[in-house]
Participant: 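The structure is given below, and queries will be raised subsequently.
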Amino acid sequence: MHRAGAGGEDYSLVDVNRSGVPLMEIVSEPDMRSPEEARQYLIKLRSILQYLGVSTGNMEEGSFRCDANISIRPAGSTELGHKVEVKNLNSFKAVYLAMEYEAKRQRKAAEEGTKLVQETRGWLDAENKTVSQRTKEYAHDYRYFPSRTFRR
């Protein structure tokens, strides 16, 4: 919507409410150890959301999506490597295959001494691989909003 301001300057407003469809984002702890465990977690989560009636859970229609983060660590270490986020996975199979691919890619890079960077990648179904979309080096790159606790 375009408006004329009281002081004579024009301004525009953008409605970003997703056409009345609310967005629910669920973030898990980083404690999954395999692509299959991630896939099973999502299957269970979808089942819960469907049971509660808050989502149809149809990944192919976009009503249930997954952005999966993955990082590797050396055996015996407690410190994780750089986090890679794979965006907009739209099937349980895609989650599994993308995580498998990323784990192999990151292990190979570590074995070859190639430095991994914190980044966002996309999954290409037709090619069964991830591709770099952008790097994310600092917290402000994620555009976090501070958590708020509301009490009555």
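Values reported hereafter were calculated over all heavy atoms of this structure, with side chains retained and with hydrogens, waters and symmetry mates removed.
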Participant: To the nearest 0.5 angstrom, please state how far the CZ atom of Phe64 sits from the OG atom of Ser91.
Facilitator: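 So the gap between those two atoms works out to 11.5 Å.
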
Participant: Does any donor atom in the side chain of Ser132 or Glu119 lie under 3.5 Å from an acceptor atom in the other side chain?
Facilitator: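 Indeed, the side chains of Ser132 and Glu119 share at least one donor-acceptor pair under 3.5 Å.
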
Participant: So which heavy atom on Tyr41 is nearest to which on Ser28, and how close?
Facilitator: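 In terms of heavy atoms, the two residues are closest at OH-CB, 3.5 Å.
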
Participant: Are Tyr101 and Ile72 grouped together when hydrophobic residues (ILVMFWY) are joined by side-chain heavy atoms under 4.5 angstrom apart?
Facilitator: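 In one cluster: no.
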
Participant: Quick one, Ile43 with Phe92, criterion side chain to side chain contact (heavy atoms under 4.5 Å, CB included). Give me CA distance, side-chain angles, the key distance, then yes/no.
Facilitator: CA-CA 8 Å; Ile43 289 170; Phe92 298 126; 3.9 Å; yes

Participant: Taking atom OG of Ser71 and atom CD of Glu85, what is their separation to the nearest 0.5 Å?
Facilitator: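 Taking OG in Ser71 and CD in Glu85, the distance rounds to 12.0 Å.
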
Participant: Applying side chain to side chain donor-acceptor pair (under 3.5 Å), name anything that partners Thr78, two or more places apart in sequence or on another chain.
Facilitator: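 Checked Thr78 against side chain to side chain donor-acceptor pair (under 3.5 Å); zero matches.
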
Participant: Just how far is it from atom CD1 of Ile26 to atom CG of Leu45, taken to the nearest 0.5 Å?
Facilitator: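 Here the interatomic distance stands at 4.5 Å.
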
Participant: Tell me, with the steps shown, if Gln106 and Ile70 meet side chain to side chain contact (heavy atoms under 4.5 Å, CB included).
Facilitator: CA-CA 9 Å; Gln106 291 182 28; Ile70 183 168; 3.6 Å; yes

Participant: Could you go through the side chain to side chain contact (heavy atoms under 4.5 Å, CB included) check for Asn69 and Val86 one step at a time?
Facilitator: CA-CA 6 Å; Asn69 296 323; Val86 182; over 6 Å; no

Participant: Indicate every side-chain donor-acceptor pair of residues 109-117 with a distance under 3.5 Å to a residue at least two apart or in another chain.
Facilitator:
none

Participant: With a 3.5 Å cut-off and sequence neighbours excluded, list the donor-acceptor pairs that the side chains of residues 49-57 form with protein atoms.
Facilitator:
{"from": "Gln50", "atom 1": "NE2", "to": "Thr56", "atom 2": "O", "distance (Å)": "2.7"}
{"from": "Ser55", "atom 1": "OG", "to": "Gly57", "atom 2": "N", "distance (Å)": "3.0"}
{"from": "Ser55", "atom 1": "OG", "to": "Ser63", "atom 2": "O", "distance (Å)": "3.3"}
{"from": "Thr56", "atom 1": "OG1", "to": "Asn58", "atom 2": "N", "distance (Å)": "3.4"}
{"from": "Thr56", "atom 1": "OG1", "to": "Asn58", "atom 2": "ND2", "distance (Å)": "3.3"}
{"from": "Thr56", "atom 1": "OG1", "to": "Ser63", "atom 2": "OG", "distance (Å)": "2.8"}

Participant: What's the shortest heavy-atom distance between Arg105 and Val84, and which atoms?
Facilitator: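 Closest heavy-atom pair between Arg105 and Val84: NH2-CG2, 3.9 Å.
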
Participant: Measure the spacing between CD of Gln118 and OG1 of Thr135 and express it to the nearest 0.5 Å.
Facilitator: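 Reported to 0.5 Å precision, the distance equals 9.0 Å.
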
Participant: Atom OG of Ser34 and atom OH of Tyr96: how far apart are they, to the nearest 0.5 Å?
Facilitator: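 Reported to 0.5 Å precision, the distance equals 7.5 Å.
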
Participant: My understanding is that only residues two or more places apart in sequence, or in another chain, count here; which of them pass side chain to side chain donor-acceptor pair (under 3.5 Å) with Gln40?
Facilitator: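 Partners of Gln40 by the side chain to side chain donor-acceptor pair (under 3.5 Å) criterion, ordered by chain and then number, come out as Glu36.
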
Participant: Hydrophobic cluster mates of Leu124, side-chain heavy atoms under 4.5 angstrom, ILVMFWY only, any path?
Facilitator: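 Leu124 shares its hydrophobic cluster with Val131.
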
Participant: Under the side chain to side chain contact (heavy atoms under 4.5 Å, CB included) rule, what do Val95 and Leu42 come out as? Steps first, then yes or no, please.
Facilitator: CA-CA 9 Å; Val95 170; Leu42 290 170; 3.7 Å; yes

Participant: Please tell me if the side chains of Trp123 and Asn90 come closer than 4.5 Å, counting only heavy atoms from C-beta onward.
Facilitator: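 No, side chains not in contact.
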
Participant: Considering residues at least two apart in sequence or located in another chain, which fulfil the side chain to side chain donor-acceptor pair (under 3.5 Å) criterion with Thr130?
Facilitator: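 For Thr130 the side chain to side chain donor-acceptor pair (under 3.5 Å) partners, ignoring immediate neighbours, are Glu102, Arg121.
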
